[in-house]
Amino acid sequence: MKKRIGPIVAILISVAIFLILVTFSDSILADSQNNMFTEETISYKELKKNHEPADAARIAGLNYVDASQENTTMQKKAYDMYHNGRTTPGKNYVTDKTFSTRTMYFMSSSSRHIVAKTYNRFWSQSPMTFVIVTLMYFLITDSVILFYYRKRQQLSADIQNVTENLRRVRKDKEMSSLILSPTDELYGLVEQTNKISMDINELRDDVRLRERRFRGLVGHLPIGVMLLNSQGDVLLHNQAMSSLLDENISNEIHPFIEDVKTYSLSRMIEHTLKKNKNHHREIQLVGNSQKFVDANVIRLVHSREDYEQQVLVILYDLTQSRQIERMQVDFVNNVSHELKTPVTSIEGFSETLLNGAKDDPKKLEHFLEIIHSESVRLSDLIQDILSLSKVKRDTQKADTINLHDDIDRILDCQSIAIKKHNLTVKQQYFGNPEVTINKEKINLIFRNLIKNAISYNKENGEIDLEVHHDEIENRIKFVIKDTGIGISEEDQGRIFERFYRVDRSRSLETGGTGLGLAIVKETLDTLDGDIRIESNKGLGTTFTVDVPL
């Protein structure tokens, strides 16, 4: 019943809107006719000055009505208005309306003569046109209403069918197929609903397949996993657990105590089995491995009471993380130490200047030079630290660069240091100098190796640069050879460590930070490149960098 009321209400609303529009249009027409009658009565008043009232009314397009007679319909109306006091000389116009006409009356003098004019109402202007427009209006509006009503009925039916199918899915029953036009609003929903049945069957197959794959998956996890029953017997384990415990764990069901030799881990498991409480702790395993692990012992809770309670042991290897943490602590300590020296120098000499040394021109200039030198060293150190933090970023970013131009720009920036030590730089380029690579990182490698060759070279020494672009293997090789102090064999294994210096006094003299080669090595690691060194004490050093494009 409610579904049928909808279109009826919509049709009634369309009728009401039509009546409102017609009434509004008739009102606008009435205002226009009133203005027209006003203009005609004004013309009548002017014409009366030179003509008889009847002639003046005729010329103005008005009817001259004798209100004392009742021969015609208009005279009867005028007679009634006059005797009822509705018309008085010079007063407002009087309008008499019928269904099809609107008649306006006006008395301009005290005589019983009235001017009047009859106008057609809105629907009487052109009755045939009005009827046609009315029929078209209701035909269009009712067609639209019925169209959307039927479409809504169809939509409701489709939604009900989809709902029923989803109910069948929940109860694992076969769904009834629905066929709709591709343009239908519910086409996509129905198509997806029709596929649910097939998806559920596939899911059932997947569940069985996952059960078979589960053991294989657990076996290849990088973390140690061991599943125990409520009696503490090992039901499941993986190879990672065997490696961490350094035990050949049997696949047969057996007590966990046969495999777990670390007392703290054994206590965690026993406490969980007895007290049903989870445990999480970082421990060091005993035995040959001596590894640090993050141990989790978790009681698995099942919703069904008939399921046996189980305990899951998870070991995550933290050995490498602890090594990295130690390296980070060492790095912070080294940075603090390296920063302390220039900061202490700047603070000390500036305090000396403030205490009166600034009044001595020679001391002032000398101390300012030291402060400037230390501030430059501090700036270089900060810049190198920032470079270390940035080398891991933008690994995939690549630009087309010209190796010849980039190396020339680096040499131009180092021209003062090159002239200071009177060094000779030789360059050789083989292959196409244009390559596509991470511009910032390759320039960081070139800049630090060139700066290193300048800083640790001898006076009047030489630097030989070779750049090879192998377009067949798509690689570049950069060789830089200096005639400097060289590196001993025992130091060559440590030169890529952060803050390691072969000659600390020479490094402090040249302003080195001890991070240049570390930056080179870590940057090359992000580019999958490598670096080789050939050096002898006092005979110079040759670095060879190989980078794939």
Side-chain angles (χ1 to χ4, degrees), residues 199-200 202-332 389 392-393 395 522 525-526:
D199 292 341
I200 288 179
E202 291 179 0
L203 285 174
R204 292 193 184 102
D205 293 338
D206 287 343
V207 169
R208 289 189 289 268
L209 182 61
R210 287 173 184 176
E211 289 177 355
R212 291 196 298 268
R213 291 179 175 176
F214 178 71
R215 289 182 176 271
L217 175 64
V218 172
H220 292 85
L221 284 176
I223 60 176
V225 177
M226 179 182 286
L227 183 65
L228 311 178
N229 61 17
S230 58
Q231 287 74 40
D233 296 326
V234 178
L235 303 177
L236 178 71
H237 74 281
N238 64 355
Q239 184 59 41
M241 179 64 79
S242 298
S243 299
L244 289 172
L245 297 178
D246 197 20
E247 291 285 340
N248 185 16
I249 302 176
S250 172
N251 291 324
E252 302 294 331
I253 297 178
H254 61 280
F256 77 90
I257 199 67
E258 296 181 7
D259 308 312
V260 180
K261 307 299 183 184
T262 303
Y263 176 75
S264 56
L265 179 58
S266 178
R267 289 283 296 168
M268 290 169 62
I269 296 173
E270 289 178 355
H271 193 269
T272 301
L273 289 169
K274 294 178 180 179
K275 304 295 184 181
N276 290 328
K277 291 184 179 180
N278 299 337
H279 288 280
H280 175 212
R281 190 183 306 166
E282 182 179 325
I283 60 176
Q284 184 176 9
L285 299 175
V286 300
N288 297 329
S289 62
Q290 294 287 317
K291 293 182 178 180
F292 289 93
V293 296
D294 181 76
N296 278 279
V297 182
I298 306 168
R299 180 177 65 92
L300 301 181
V301 180
H302 299 292
S303 58
R304 291 177 56 176
E305 295 182 357
D306 56 339
Y307 283 173
E308 183 185 25
Q309 299 300 310
Q310 296 175 325
V311 172
L312 182 65
V313 182
I314 301 175
L315 301 183
Y316 183 80
D317 192 356
L318 296 177
T319 306
Q320 187 175 5
S321 299
R322 293 295 166 265
Q323 292 174 350
I324 293 174
E325 287 178 3
R326 284 196 296 271
M327 291 174 60
Q328 291 174 339
V329 171
D330 293 341
F331 179 71
V332 171
S389 67
K392 301 294 183 182
R393 306 175 193 167
T395 305
E522 295 190 25
D525 289 342
T526 66

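Side chains included, hydrogens not; waters and symmetry mates left out as well; all remaining heavy atoms used.
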- Item | Sequence-distant partners of Gln284, side chain to side chain donor-acceptor pair (under 3.5 Å), two or more places apart | Gln290
- Rounded distance [0.5 Å steps], CD1 in Ile298 versus NE2 in His280: 9.0 Å
- Item | Note, Ser230 side chain near Gln310 side chain (heavy atom, < 4.5 Å) | no
- Message: I need the single residue from Val234, Asn296, Leu228, Val260 that forms a side chain to side chain contact (heavy atoms under 4.5 Å, CB included) with Val313. Which is it?
- Response: Leu228
- Using the ring-ring contact (aromatic ring centres under 6.0 Å, His included) rule, collect all pairs that involve residues 255-278, keeping only residues at least two apart or in two chains. His271-His279
- Query: Out of curiosity, Arg267 CZ to Arg281 CZ, how far, rounded to the nearest 0.5 Å?
  - Reply: 9.5 Å
- Check the pair Met226, Ile249 against side chain to side chain contact (heavy atoms under 4.5 Å, CB included), reporting the backbone distance first and the verdict last. CA-CA 10 Å; Met226 179 182 286; Ile249 302 176; 3.8 Å; yes
- Is a donor on one side and an acceptor on the other found under 3.5 Å between the side chain of Thr272 and the backbone of Asn278? no
- Shortest non-hydrogen separation from Leu265 to Ala295 and the atoms involved: CD1-CB, 4.2 Å
- Message: A side-chain contact here means heavy atoms from C-beta on lying under 4.5 Å apart; do Leu285 and Lys261 qualify?
- Response: no
- Query: For Asn229, which residues count as a side chain to side chain contact (heavy atoms under 4.5 Å, CB included) partner, sequence neighbours excluded?
  - Reply: Gln231, Asp233, Leu235, Glu308
- Query: If we only count heavy atoms from C-beta on, is the Met241 to Ile314 side-chain gap below 4.5 Å?
  - Reply: no
- Counting distance only, does the side-chain N/O of Arg299 pair as donor-acceptor with the main-chain N or O of Lys277 below 3.5 Å? no
- Message: Taking side chain to side chain contact (heavy atoms under 4.5 Å, CB included) as the definition, give me every residue that meets it alongside Asp317, ordered by chain and number, with sequence neighbours left out.
- Response: Leu244, Lys291, Thr319
- Would you mind reporting whether Asp259 and Asn248 have side-chain heavy atoms less than 4.5 Å apart? no
- Message: Going by side chain to side chain contact (heavy atoms under 4.5 Å, CB included), name the residues that satisfy it together with Glu252, two or more places apart in sequence or in a different chain.
- Response: Ser250
- Query: When rounded to the nearest 0.5 angstrom, what is the spacing between CG in Leu227 and CG in Leu312?
  - Reply: 6.0 Å
- Query: Hey, is the main chain of Val286 close enough, under 3.5 Å, to the side chain of Thr262 for a donor-acceptor pair?
  - Reply: yes
- Message: According to side chain to side chain contact (heavy atoms under 4.5 Å, CB included), who are the partners of Leu221, at least two apart in sequence or on a separate chain?
- Response: Ile223, Val225, Asn238
- Decide yes or no for Gln309 and Leu300: does some side-chain heavy atom of the first lie under 4.5 Å from some side-chain heavy atom of the second? no
